[in-house]
S.K.: 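Dumping the structure here so I can ask a few things about it.
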Number of protein chains: 2
Amino acid sequence: MGLRERKKQRTRDALIDAALDLFLAKGYEATTIDQIAARVEVSPRTFFRYFASKEDVALSLTADEQKMLLAELTARPESEPPFTALSQAMRSLLGILREADEATASRYRRCQQVVHSTPTLLAGMMRLLKENERRLVAEVARRLKASPCDLLPQFIVSVFVSVILACVDEHAQDPAALARRLDDLLTLAERSLRPGWDMPVRSGAADPAPATG
Amino acid sequence: MGLRERKKQRTRDALIDAALDLFLAKGYEATTIDQIAARVEVSPRTFFRYFASKEDVALSLTADEQKMLLAELTARPESEPPFTALSQAMRSLLGILREADEATASRYRRCQQVVHSTPTLLAGMMRLLKENERRLVAEVARRLKASPCDLLPQFIVSVFVSVILACVDEHAQDPAALARRLDDLLTLAERSLRPGWDMPVRSGAADPAPATG
DNA sequence: TTGTCATCTGTCATGAACTGACATAAGTTA
DNA sequence: TAACTTATGTCAGTTCATGACAGATGACAA
C-alpha cells in the first residue's frame, strides 16, 4: 500500500475522531464542518471529499457495523434456522467489537454515544438499518429457498430488526449492558415464538398450528 | 372559529398541497422552499412560520397518522390482549383514512407516495414511528400493569412496529393493497407467536413453555 | 365606526451545509 | 528529471434555516 493510500486512511480516521470528539463536547448540531476541518488542518472542501455530509461522518462506523453484520450472517452455517443465524451473527458482531484494539473500540463507543443522543442521527441510523434489511431479507430468502418478496423472510428479518431497535432504546451505553439486554430480548423472542416459526410450512402436510384457538 | 384561524388553516393546507404536488412532479430534493412559497403566494419566511423545515411539511400528515394510531389504541377495550389491541387500532386507522373525503384522502395518498420514494423522508418517517413507539409502549405497559421499562411491553410494540415497517416496504401504494398486506402480515404474526405470548407470565405457576427443546 | 391591541406577514441580514470549477500541490511511474 | 495521476485549496454560488424589525391585518371594546 503506497504512501498516498496510507495518508488518505489517516486523514479519514482523523476526521472521524475529530468529529466524534466535537460532537460529544458541544453536540452534533452546534458543531460545524469548519471546526472539524480546522482541527484536522484540512480545508472544509476536503472534508466533503471524504464524507458526503455531516451525518455521513457521524454514521460511517454504524454503516461499517451493518456491513459486518451481513458478513457474519453469510458466514453462519446453512443448516441453522434463519432467526438463529441472525441472532448468532449479531452476537458474533458484538464479540468482534469487544475484541478490537482500544482506539477502535473507543471510536465505536463514542459513535454509539453521539448517535443515541441526537434524534437526527437516530433517524439516519434507522435508514441504514432499513437499507441493510433488504440485504438481510435476500440472504434469509436464499437460505429458505424462497423469493425475497415472500412474507416469511421479510417477517423474520423484521422481528430481528425490531429486537435490535429495542436494544438501542436509550439504555445500553456500555457494550456489556448492551450485550445483556440483547440476550434478554432474544430469549424473550424465542420464548414467545412457536418452534419452527422461521421455517417454511410444508404445504402438503396438515397445518399443526391450531390458529387463534 | 374566527376568520384569522380559518385563514391560517387554509394557508397551512395550501402549503402542504403545493409541497406534495411539487415533490411528486420534480422530486423532493429538487424542490425549493421558494417554489412552494411562491405557489401559495406567501414569502419563504412565512413558510417557516408554519413548518419547521422542508421535511416537516412532507411528514406533517405522517405525524398526524401516528397521533391517530395512539388515539385508536387508547380507545380499544381494556380487556383486549395488547397485541390484538394494537392490530385493531391499526385496522381502525386504515378504516378512517378510507372514509375520509376525497381531498383529504388524496393528500394522504400523495404524502405516502412522496415519502416512499425519498430516502431522507423514509428516515424521517421512521424517526416519527420511533418517537410514537415510546408512547405506545407506555400505553401497553399501563394495560399490562407493568413498568414501561419491562421487556415485555417493549417487545410487544417492537413486533407490532416491525409488521408496520414490513408493510411500508416498497409495495402498497394504494390503500387497498396496503390493507391486504397488513392483514397478511398480522395473520402470519399470529400464526408464528405462541397463544398468550403478549400477556405476563404468572410468576407462581409452572412455565408451560418447553423452551427451545 | 373607530381606535387599540395582538398577531401574522414581508423584508433584510446572517450563518451553516453543501457543490461545481479550476488552479496548485503532492505522489507515483517511466 | 519529466510526465502523469490524483488529492487538496480557493473561490463563487445555491439552498436551508433563523433572528430582528417594520408594516399589514384581523380581533375586540367603546
Side-chain angles (χ1 to χ4, degrees), chain A residues 1-23 25-60 63 114-115 118-124 127, chain B residues 1-23 25-60 63 114-115 118-124 127:
Chain A
M1 190 194 265
L3 169 59
R4 193 171 236 158
E5 282 299 306
R6 267 176 293 148
K7 266 183 105 169
K8 271 179 70 172
Q9 190 57 52
R10 242 185 302 145
T11 303
R12 193 185 147 83
D13 286 348
L15 282 171
I16 292 175
D17 279 331
L20 291 179
D21 282 350
L22 287 167
F23 293 162
K26 342 181 353 178
Y28 173 76
E29 314 286 357
T31 303
T32 69
I33 305 282
D34 285 16
Q35 291 163 358
I36 301 172
R39 181 169 287 210
V40 185
E41 293 182 303
V42 296
S43 76
R45 189 69 185 85
T46 293
F47 172 91
F48 285 106
R49 294 202 172 95
Y50 283 88
F51 301 99
S53 64
K54 193 163 94 167
E55 188 180 288
D56 191 24
V57 69
L59 292 176
S60 61
V114 168
V115 170
T118 313
T120 307
L121 295 180
L122 225 47
R127 198 195 58 230
Chain B
M1 192 194 266
L3 169 59
R4 193 168 235 158
E5 281 299 306
R6 268 177 292 147
K7 265 184 107 168
K8 270 180 68 173
Q9 189 58 50
R10 243 185 301 144
T11 303
R12 192 186 149 82
D13 286 348
L15 282 171
I16 293 176
D17 279 330
L20 291 179
D21 283 349
L22 287 167
F23 293 163
K26 343 182 349 176
Y28 173 76
E29 314 285 357
T31 303
T32 68
I33 306 281
D34 285 16
Q35 291 161 359
I36 301 171
R39 182 170 285 214
V40 185
E41 295 181 302
V42 296
S43 77
R45 190 68 185 84
T46 292
F47 172 92
F48 285 106
R49 293 201 173 95
Y50 283 88
F51 301 98
S53 63
K54 194 162 93 165
E55 188 179 289
D56 191 23
V57 69
L59 292 175
S60 61
V114 168
V115 171
T118 312
T120 307
L121 296 180
L122 224 48
R127 199 194 58 229

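The sequence lines fix the lettering, A, B, ..., with proteins before strands; numbering per chain opens at 1.
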S.K.: Whole angstrom is fine here: how far is it from CZ in Arg10(A) over to P in dT8(D)?
M.R.: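 Nearest whole value for this atom pair: 12 Å.
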S.K.: Can you give the first and last nucleotides of DNA chain C, 5' to 3', that have an atom under 4.0 Å from a heavy atom of chain B?
M.R.: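 Under 4.0 Å from chain B, the extent on DNA chain C is dA6(C) to dT11(C).
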S.K.: Within the 4.0 Å limit for protein heavy atoms, which parts of nucleotides 18-30 of chain D are touched? Write it as a string from 5' to 3', B for base, S for sugar-phosphate only, - for none.
M.R.: BBB----BBS---
S.K.: Are Leu3(B) and Arg6(B) packed together at the side-chain level, in the sense that at least one heavy-atom pair is separated by less than 4.5 angstrom?
M.R.: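 Contact flag for Leu3(B)/Arg6(B) side chains = yes.
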S.K.: Please work out if Tyr50(B) contacts a base, only the sugar-phosphate, or nothing of the nucleic acid, heavy-atom cut-off 4.0 Å.
M.R.: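 It contacts sugar-phosphate atoms only.
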S.K.: Taking CD from Glu41(A) and C1' from dG9(D), how many angstroms apart are they, rounded to a whole number?
M.R.: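 Rounded to the whole Å, the gap is 14 Å.
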S.K.: side-chain contact (heavy atoms from CB on, under 4.5 Å), that's the test. Do Val40(A) and Tyr50(A) meet it? Break it down for me.
M.R.: CA-CA 13 Å; Val40(A) 185; Tyr50(A) 283 88; over 6 Å; no
S.K.: Please report the distance, rounded to the nearest Å, between CG in Asp34(A) and P in dG9(D).
M.R.: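 The distance from CG of Asp34(A) to P of dG9(D) comes to 13 Å, rounded to the nearest Å.
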S.K.: Do any N or O atoms from the side chain of Tyr28(A) and from the backbone of Glu55(A) form a donor-acceptor pair under 3.5 angstrom?
M.R.: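 Indeed, once roles are kept as given, a pair shorter than 3.5 Å links the two residues.
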S.K.: Between Arg127(B) and Thr120(A), is a side-chain contact (heavy atoms from CB on, under 4.5 Å) present by the stated rule, with each step listed?
M.R.: CA-CA 8 Å; Arg127(B) 199 194 58 229; Thr120(A) 307; 5.8 Å; no
S.K.: For residues 36-53 of chain B, which residue pairs pass the salt bridge (Lys or Arg N to Asp or Glu O under 4.0 Å) check, not counting sequence neighbours?
M.R.: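 For residues 36-53 of chain B, and leaving out neighbouring residues, there are no salt bridge (Lys or Arg N to Asp or Glu O under 4.0 Å) pairs at all.
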S.K.: Please state how far atom NZ in Lys54(B) lies from atom P in dT15(D), giving the value in whole angstrom units.
M.R.: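 The distance from NZ of Lys54(B) to P of dT15(D) comes to 10 Å, rounded to the nearest Å.
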S.K.: If you apply the rule side-chain contact (heavy atoms from CB on, under 4.5 Å), what do you find for Lys7(B) with Arg4(B), and how did you get there?
M.R.: CA-CA 5 Å; Lys7(B) 265 184 107 168; Arg4(B) 193 168 235 158; 5.9 Å; no
S.K.: Dump the intermediate steps for side-chain contact (heavy atoms from CB on, under 4.5 Å) on Lys54(A) and Ile33(A), then the final yes or no.
M.R.: CA-CA 7 Å; Lys54(A) 193 163 94 167; Ile33(A) 305 282; 3.8 Å; yes
S.K.: Below 4.5 Å, heavy atoms only, C-beta onward: do Val57(B) and Phe47(B) meet side chain to side chain?
M.R.: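 Side-chain contact under 4.5 Å: yes.
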S.K.: Which part of the nucleic acid does Thr46(A) contact within heavy-atom distance under 4.0 Å: base, sugar-phosphate only, or nothing?
M.R.: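 The answer is sugar-phosphate, as Thr46(A) gets under 4.0 Å only of primed atoms, P, OP1 or OP2.
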